[in-house]
Student: 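Here you go, one structure.
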2 protein chains.
Amino acid sequence: MHELFAEGQAFRANGRLWIEGPADRFLGIGRLELLEQIQTTGSISKAAKAMGMSYKKAWDLVSSMNAQARQPLVGAQVGGAHGGGAALTPAGTQAVAEFRAMQERFAQFLAAETARLYQ
Amino acid sequence: MHELFAEGQAFRANGRLWIEGPADRFLGIGRLELLEQIQTTGSISKAAKAMGMSYKKAWDLVSSMNAQARQPLVGAQVGGAHGGGAALTPAGTQAVAEFRAMQERFAQFLAAETARLYQ
DNA sequence: TACCGTTATATTGTGAAAAATATAACGCCC
DNA sequence: GGGCGTTATATTTTTCACAATATAACGGTA
């Protein structure tokens with residue numbers, strides 16, 4: 001296929017991968033990174049800030065994930081020591097691990113397809 | 001991972017796959033379907049109508065693809081018998097075949113990942 | 001020659017998604 | 001008790017991609 005490309009250009013296969021339920025997206029790369037930031041920072045608002053995302057957007061994403069999962073992925077506390085906070089539940093930790101692995105398999109797929117472009 | 005989902009729901013892996021160059025997207029599923037419609041209908045405007053897309057959008061996509069490829073993927077004629085028309089070049093036909101195959105490999109990947117969700 | 005359907009291109013209108021803003025409630029800590 | 005930072009939620013504003021519209025040129029054909 002490389003004979004189709006303009007010469008000397010760096011073309012590559014790229015894409016997006018997600019898990020969707022009957023009504024809505026369940027997990028994608030953005031939601032995954034948000035979960036990881038919540039894991040790191042202990043708060044939805046700090047996670048949102050770290051991702052350059054509005055708090056409302058982050059909260060809506062968390063709400064969507066929690067609503068679709070059998071057990072919530074994120075637990076939150078209002079008020080208290082430093083105003084409250086959020087953390088991953090065991091289900092959330094498991095979801096992060098398994099979906100991160102899925103993303104890595106996808107990265108392998110994309111690398112193989114990119115290599116095939118130049119065969 | 002299925003133990004994370006709300007019971008009895010139909011979750012599945014889904015995604016999008018494309019080929020990108022240094023500046024812009026080169027081929028995606030929408031561009032592929034547009035090329036196939038041009039192949040079928042012999043015109044950019046008919047292809048756009050068949051896809052529920054504005055002519056300008058379709059023309060911009062064709063222009064982007066032609067600009068990035070070593071040889072144009074679509075050839076167009078202005079004026080003449082029925083006002084003109086468009087057709088795939090040999091390079092365009094090859095691009096459709098190869099990228100369609102790439103999409104099918106991606107569909108296989110998605111099916112395998114969906115199956116894995118319920119392992 | 002006038003007409004037609006198309007390519008080619010610019011400009012304007014529009015609607016949906018996202019950000020920004022606002023407000024309330026909560027519970028620890030000084 | 002008052003302040004603080006957070007969650008939770010609604011409303012307003014902004015942005016941006018896309019559609020819609022407009023216009024010109026082209027070259028067969030009747």
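Every chain is numbered from 1 and lettered A, B, ... according to where its sequence line falls, protein lines coming before strand lines.
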Student: Could you tell me whether a side-chain N or O of B/Thr89 sits under 3.5 Å from a main-chain N or O of B/Gly75, the two making a donor and an acceptor?
Tutor: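 Looks like no, no N/O pair under 3.5 Å.
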Student: Within the sub-3.5 Å range, which N or O atoms of nucleotides 9-18 of chain C have a protein N or O partner, and how far apart are they?
Tutor:
none

Student: Please check this pair: side chain of A/Glu113 against backbone of B/Leu17, looking for a donor-acceptor N/O pair closer than 3.5 Å.
Tutor: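 No, the answer is negative, given that no donor and acceptor are paired below the 3.5 Å cut-off.
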Student: Taking any heavy-atom pair under 4.0 Å as a contact, classify A/Gly75: base, sugar-phosphate, or nothing.
Tutor: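 No contact.
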Student: Output the single nucleotide from C/dT7, D/dT6, D/dA19 whose closest atom is nearest the side chain of B/Met53.
Tutor: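 Output: D/dA19.
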Student: When you look at CZ of A/Arg16, are more than 12 heavy atoms from neighbouring residues, nucleotides or ligands closer to it than 6.0 Å?
Tutor: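 It does not: A/Arg16 CZ has 12 such atoms or fewer within range.
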Student: What pairs of nitrogen or oxygen atoms, one from the protein and one from nucleotides 28-30 of chain D, lie under 3.5 Å apart?
Tutor:
| residue | atom | partner | partner atom | Å |
| --- | --- | --- | --- | --- |
| D/dG28 | O4' | B/Ala81 | N | 3.4 |

Student: Under a 3.5 Å threshold, yes or no: a donor from one side chain and an acceptor from the other, between B/Thr40 and B/Glu36?
Tutor: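 No, because no side-chain N or O of B/Thr40 sits under 3.5 Å from a partner of the opposite role on B/Glu36.
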Student: For residues B/Glu98 and B/Gln94, is any side-chain donor paired with an opposing acceptor at under 3.5 Å?
Tutor: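 Note: B/Glu98 and B/Gln94 side chains meet the donor-acceptor criterion.
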Student: Counting only non-hydrogen atoms, which of residues 42-50 of chain A are less than 4.0 Å from DNA chain D?
Tutor: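 Residues of residues 42-50 of chain A that come under 4.0 Å of DNA chain D are, in numerical order, A/Ser43, A/Ile44, A/Ser45, A/Lys46.
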Student: So, does B/Asn66 use its side chain to make a donor-acceptor pair with the main chain of B/Val74 at under 3.5 Å?
Tutor: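 Yes, because the side chain of B/Asn66 sits within donor-acceptor range (under 3.5 Å) of the backbone of B/Val74.
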Student: How many whole angstroms separate atom CD of B/Gln77 from atom C1' of D/dG27?
Tutor: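 Distance check: B/Gln77 CD to D/dG27 C1' gives 11 Å.
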Student: With DNA chain C as reference, determine whether A/Val78 or A/Gly52 sits nearer its 5' end, using the nearest nucleotide of each.
Tutor: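 Checking each residue's closest nucleotide, the 5'-ward one belongs to A/Gly52.
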Student: Decide yes or no on side-chain hydrogen bond (donor to acceptor under 3.5 Å, both in side chains) for A/Thr41 and A/Ser43, but give the supporting numbers first.
Tutor: CA-CA 6 Å; A/Thr41 63; A/Ser43 118; 4.8 Å; no
Student: For the CG atom of B/Asn14 and the CD1 atom of A/Ile19, what is their distance to the nearest 0.5 Å?
Tutor: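 Reported value, rounded in 0.5 Å steps: 11.0 Å.
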Student: Please test A/Arg70 against B/Glu3 for salt bridge (charged side-chain N to carboxylate O under 4.0 Å, His left out), starting from the C-alpha separation and ending with a verdict.
Tutor: CA-CA 7 Å; A/Arg70 189 175 307 199; B/Glu3 66 274 9; over 6 Å; no
Student: How about B/Phe106 and A/Phe109: are their ring centres within less than 6.0 Å of each other?
Tutor: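 Here the rings of A/Phe109 and B/Phe106 have centres that are less than 6.0 Å from each other.
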